[in-house]
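What follows is a set of notes on a single structure, which appears directly below.
The figures that follow rest on heavy atoms only: side chains count, while hydrogens, waters and symmetry mates do not. Residue numbers start at 1 and run along the sequence shown.
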Amino acid sequence: MQKVTEMEKNRKLLPKFVVKEMESLFLEELRSSINLLMSNLESLPVSKGTTDSKYGLRKFGRYNNSFRRSRRGTTSSISKSDTDGGETALNKLDVVLSFNLEVIVQEVQGLKSLPPNRIIYCTMEIEGGEKLQTDQTESAKPHWDTQGDFTTTHPLPVVKIKLYAENARIIRFDDKELAKLVIRPTPSTNKTAEWNKMETTAKGFPDKDIKIRLTLRMDRPQNLKCSGYLYALGKHVWKKWKKRFMILVQVSQYTFAMCSYKEKKSDPTEMTTLDGHIIEYTEAVTEYDGGRFFFNATKDNEALLFASDDENERHQWVQAMYRATGQAVKPQPPPTTTVSSAKAPLNSPLSKLQGDTDKARKHGMDAFCTTDPVKVDHSAYFKNLQTLTLDHRLNDMFASLGWFSPGQIFVLDEYCARYGVRGCHRHLSYLDDLLARAERGMAIDPTLMHYSFEFCASHVHGNRPDGIGTVILAEKEKFDEVKERLRHLLEYQITNFRYCFPMGRPEGALKSSLSFLERVLMKDIVTPVPPEEVKSVIKKCLESAALVNYTKLSAQAKMDDNDGKQQLLHNHENHNGQPMRKIEDILHLAELCIDLLQQNDECYEEEFKSAFTWFTDLLVEHSEIFWSLFAVDLESVILSQPPDTWEGFPVFQVLNDYLIHNPYMAGGTFHQQLKNMFAPLVVRYVDLMESSIAQSIHKGFEKETWKADEHGCAASEELIWKLDALQTFISNLHWVGNGDRSATALLRLYIPNYLARRGSRETL
C-alpha cells in the first residue's frame, strides 16, 4: 500500500499506458488486488481440514471493545493495548492445536519376585483421556511391542504407564498395580526406544528396580512453528519475569501469535500477536534471575524480552519469529555468538545453523532473502520462474506438450497473487516461451497456445478477462510481436503439416492449428476475418507444402536409388543401362508420390475438411501442384529415352491406374498432361503393330503352304499372336480416348475382325 501511495504522488513511477486516463484506474486495481489478497490470506486456514473441523483454525475477527467471549466464558487474556489501532485481535478460540501421540510399550525388566507364569500387562493413558491396554503375557517373557495412539489438545500432556499383575485368587478383585511411570512430553519430543525406571507402587513388593522400554513420539501440528521453555517479560502480557512454556502459532497466512501454556491446559494462559514486531538479538541482562541468551521483539517503543538457557534454542526462536514477522532486515547475532558457534561441536544444531548461514551468504541467498519485496521486479522474476518450470515440465518422461502440472499451476498462481504479477504479462511470457520451443521443433499443444492467446487478445482489446481494465503499452507491443510470430509459426506448421503432425498425430492438433490461424488473422476479438483472406493464406501454405513434400520425397528416392545403384548398373550394362536406370528411378519416385498422397487422404483430409468446408478444392489444387513438379522430372526422363523404346509404359500404367480411381484427379490437369506425354508413344507403338500385322498378312499368305498346324496354318498363328499382344497392351493401359487417332480407335479397327473369328480357323 505504501508503494501505491508513493506512485500516486509521483506519477513518473507508473508504467506507460495505451491511454493516459488509465493511470487512476491502475492505482485502484492495485489497491483492490492487495485488499483481495489480504482477505484471502486471512480467511485461509493453515492446518488441514475446513474451518468447521474439530481442530481447524477459525477465521479471526477484528477488535471490538465489547468483546468478552472465551471458551469457558471468561474474558480473553489479550489486553486492550494489544489491539489499539485497529489491529487483529485474537481469542483462545483462534489458537487451537491438535497433537498426535504415539506410545509403544516394548518390554519390562526387573520382575524377579513374580512367578514365571504370572500374567502381567501394561496400561497407557493421557491424563483426562482414554486408557489403552497391552496384551497379557507371562512375567517370564514380558515383551509386548504394543502401540497406543492418542489425540489431545494439550501442548503439555501427562502420559501415565502402569504395570499390572493379574489377580490369581479364586475370588478376584481388581488386578494388582505393581509400578507406574509418569512422562511429560513436549511438542519437540521425538524419542527413540529407551529404558525408563518405574516407580514401585505395590506395598511390600520387593522389586524396586523395574525398568520399562518404550518409545514416545509427539507429532507437531502444521500451525506450530516453534516451541520450548523461555523466560519472558512484557508490559501488557507476561508481566513477571519467569520461565514459561511458549509456542509460536500460525493463526492465518500472515498472522502469528506467541502463546504461553500451563501443564494439562489446552488453552493458552496469555498470548499476543507478532504483527509489526521487529526481532533482534540482545546482550545479556544481568538484573533478571534466569535465562542466559536474550532476544526481544519490539514495536512502537514497546518490547517483549525473551531469554533461553541454550544458545541453539535462541537461534531457533529468533529465526522462527523472524520468518513470522516478515521483517525486511534479518537479525544478526552478536559477535560473541559467532565466535562461540564457530567452536561448537561439528554435528551440533548450532554448527549446522551456522553452516547453512555461511552457505546462504556465499551463494547470495542471504542478501536475496533480506531484500525488500517492494523493490524487486517480480515480473522479471516470475518470467524466469515460469521459463524454468516449463523446461522442467518438458523434460518429463511423460509427454506434457507444454501443459503444467496442477502443483506447478498452484505455485505460479500463488506467486502472481502475492506479488501482483499481471495476468496479461503471465500469459504473454508463457506464449513467448511456448513459441520459442515450438520454433525449435518441440511438440507443443496448439490448444494451449490458443488459450493464452485468447486471454491476451481479450485483455489488449479491453474485454477484462481477469477484471483488469488497464493496458500497459509494453503489453500491447509484446502482444503484437507475439501475434506476428504466431502467424509465421502456424503458416510454417501448415506448410510442413506432414512433419509437424506426422500421421495426423497428436489427434486433432492440425485442426486446432487451422482454427488458431483463423483466430490470429482477426484484427480484433469481435470482427471475423473474411473467408477469402483465410483461404488465400492457407492456399499459399499448401502451394509451398507441395514443393516441400516433393523436394523431400525426391531426396529420399535418390538415397534409396544410390543404395542399389551399383547393382542396377551391373544388371543393365549390356542393355543401355543409363536410360533404363532413369526409368526405374522415375517409376520408384512415382510409387512414393502415390503413397504420399494416399497418406494425406487417410491421415489429414478429414481434419482439413472438418476445419473448413471449402478445403477440398485446396487439397485438389495442392495435389495438382505436387504432380506438376513430378511431371517436369517425368518429361525429362521420357525425352532422354531412345526412339522406339517402350520401357516407360509401366510408369504410365502406375500413374494412370491411380488417377482414374481418384474422383478428384481423374481427367484433371496432370492426368491430361500425362496422356499428352505418352500419346505419341502409344500411337507409335500401335502404328508399328499395324505395320507388322499388315506384313504378316501380306507376306505370310504369299508364302503359306496351307499345311495344317495346331489351330490352323502358320500365317494365322503368327497373326493371332500379334493381335493378342496388341489387345493386352491396350487393355493394360486403360487409355481413355479423346476422339483422335487413339490406341482404342486403332484397336477397334484391327482386332475385332480377327478375334471374332478366332475359333473358326476355316475362315482364315
Side-chain angles (χ1 to χ4, degrees), residues 99-220 227-229 242-245 261-266 290 308-310 313:
F99 300 90
N100 295 321
L101 274 82
E102 178 184 298
V103 182
I104 304 176
V105 178
Q106 296 176 323
E107 59 180 313
V108 169
Q109 287 183 353
L111 297 175
K112 301 178 181 179
S113 62
L114 288 179
N117 60 348
R118 186 73 178 271
I119 300 300
I120 61 173
Y121 62 90
C122 289
T123 63
M124 58 189 96
E125 65 176 312
I126 294 180
E127 188 169 330
E130 60 180 335
K131 180 186 293 186
L132 302 177
Q133 176 183 321
T134 65
D135 296 331
Q136 296 181 347
T137 186
E138 295 180 352
S139 61
K141 300 178 180 179
H143 300 277
W144 291 281
D145 284 334
T146 301
Q147 177 176 323
D149 296 320
F150 303 91
T151 301
T152 181
T153 57
H154 298 177
L156 296 173
V158 177
V159 180
K160 296 181 179 180
I161 311 294
K162 296 182 180 180
L163 176 64
Y164 287 88
E166 189 178 52
N167 196 333
R169 297 180 181 180
I170 298 176
I171 301 176
R172 296 187 179 183
F173 295 99
D174 293 338
D175 293 334
K176 185 177 182 180
E177 180 182 327
L178 302 179
K180 70 175 181 179
L181 172 66
V182 179
I183 304 176
R184 292 174 173 83
T186 65
S188 58
T189 299
N190 188 13
K191 296 181 179 179
T192 57
E194 61 181 25
W195 291 97
N196 296 270
K197 186 174 182 179
M198 302 186 73
E199 177 187 355
T200 303
T201 57
K203 292 182 180 181
F205 190 61
D207 298 336
K208 302 297 183 182
D209 192 21
I210 301 177
K211 295 182 180 180
I212 184 170
R213 187 169 182 242
L214 55 84
T215 302
L216 178 63
R217 298 187 182 93
M218 187 173 180
D219 294 336
R220 297 170 54 173
S227 64
Y229 285 95
K242 69 175 184 178
K243 194 173 187 178
R244 299 174 174 86
F245 185 78
Y261 288 85
K262 290 184 178 180
E263 191 176 284
K264 305 179 186 178
K265 301 293 183 182
S266 60
S308 65
D309 293 328
D310 183 78
E313 293 182 1

Q: Answer yes or no: is there a side-chain heavy-atom contact under 4.5 Å between I161 and T123?
A: no

(Q) Minimum heavy-atom separation for F99 and H154, please, with both atom names. (A) CD1-O, 3.7 Å

Q.
For E102 and N100: C-alpha separation, side-chain torsions, deciding distance, then whether side-chain hydrogen bond (donor to acceptor under 3.5 Å, both in side chains) applies.
A. CA-CA 7 Å; E102 178 184 298; N100 295 321; over 6 Å; no

Q. Hey, does Q109 have a side-chain heavy atom less than 4.5 Å from the side chain of W195?
A. yes

Q. Can you check whether M198 reaches K162 side chain to side chain, under 4.5 Å on heavy atoms?
A. no

Q.
For the backbone of E313 and the side chain of D310, can you confirm whether one donor and one acceptor N or O come within less than 3.5 Å of each other?
A. yes

**Q.** Minimum-distance pair of heavy atoms, taken over all atoms of I126 and L101
**A.** CD1-CD2, 4.1 Å

Q) Nearest heavy-atom pair of V158 and V182: which atoms, and what distance? A) CG1-CG1, 3.6 Å

Q.
Once rounded to the nearest 0.5 Å, what's the spacing between atom CZ of F150 and atom CG of L132?
A. 4.0 Å

(Q) Please find the pair of heavy atoms, one from P155 and one from F245, that lie closest to each other, and give the distance. (A) CB-CE2, 4.1 Å

Q | Side chain to side chain, W144 and I120, heavy atoms closer than 4.5 Å | A | yes

**Q.** Interatomic distance, E138 atom CD to N117 atom CG [nearest 0.5 angstrom]
**A.** 6.0 Å

Q: Verify side-chain contact (heavy atoms from CB on, under 4.5 Å) between T134 and M124, making sure each step is shown before the conclusion.
A: CA-CA 8 Å; T134 65; M124 58 189 96; 3.9 Å; yes

**Q.** Residue pair E127 / K264, side-chain heavy-atom distance below 4.5 Å
**A.** yes

(Q) What verdict does the side-chain contact (heavy atoms from CB on, under 4.5 Å) test give for I183 and L181, after you've listed the backbone C-alpha separation in whole Å, the side-chain angles of each residue and the deciding distance to 0.1 Å? (A) CA-CA 7 Å; I183 304 176; L181 172 66; 3.7 Å; yes

Q: Using a 4.5 Å cut-off on heavy atoms from C-beta on, say whether the side chain of K211 contacts that of N196.
A: no

Q.
For the CG atom of L216 and the OG1 atom of T192, what is their distance to the nearest 0.5 Å?
A. 11.0 Å

Q | CG-CD distance between D145 and Q106, expressed to the nearest 0.5 angstrom | A | 5.0 Å

Q | Salt-bridge criterion met for E194 and R213 (N-O under 4.0 Å) | A | no

Q: Would you mind reporting whether I212 and L163 have side-chain heavy atoms less than 4.5 Å apart?
A: no

(Q) Does this structure show an ion pair linking K243 with D309, if we count only N-O contacts that are shorter than 4.0 Å? (A) yes

Q) Just how far is it from atom OG of S227 to atom CG of L156, taken to the nearest 0.5 Å? A) 9.0 Å

Q: Please determine, by modelled atom types, if T201 and E177 share a side-chain donor-acceptor pair under 3.5 angstrom.
A: yes

Q.
More than 12 heavy atoms of other residues, nucleotides or ligands under 6.0 Å from NZ of K208: yes or no?
A. yes

(Q) Measuring from atom OG1 of T146 to atom CD of Q133, what distance do you get when rounded to the nearest 0.5 angstrom? (A) 9.5 Å

Q) Does E166 pair with R118 as a salt bridge, N-O distance under 4.0 Å? A) no

Q. Within a strict 4.5 Å, meaning less than it, do heavy atoms of the L178 and F205 side chains meet?
A. yes

Q | Modelled atom types, side-chain donor and acceptor of Y121 and D175, under 3.5 Å | A | yes

Q: Mind running side-chain contact (heavy atoms from CB on, under 4.5 Å) on R184 and E263 for me, showing each step along the way?
A: CA-CA 9 Å; R184 292 174 173 83; E263 191 176 284; 3.0 Å; yes

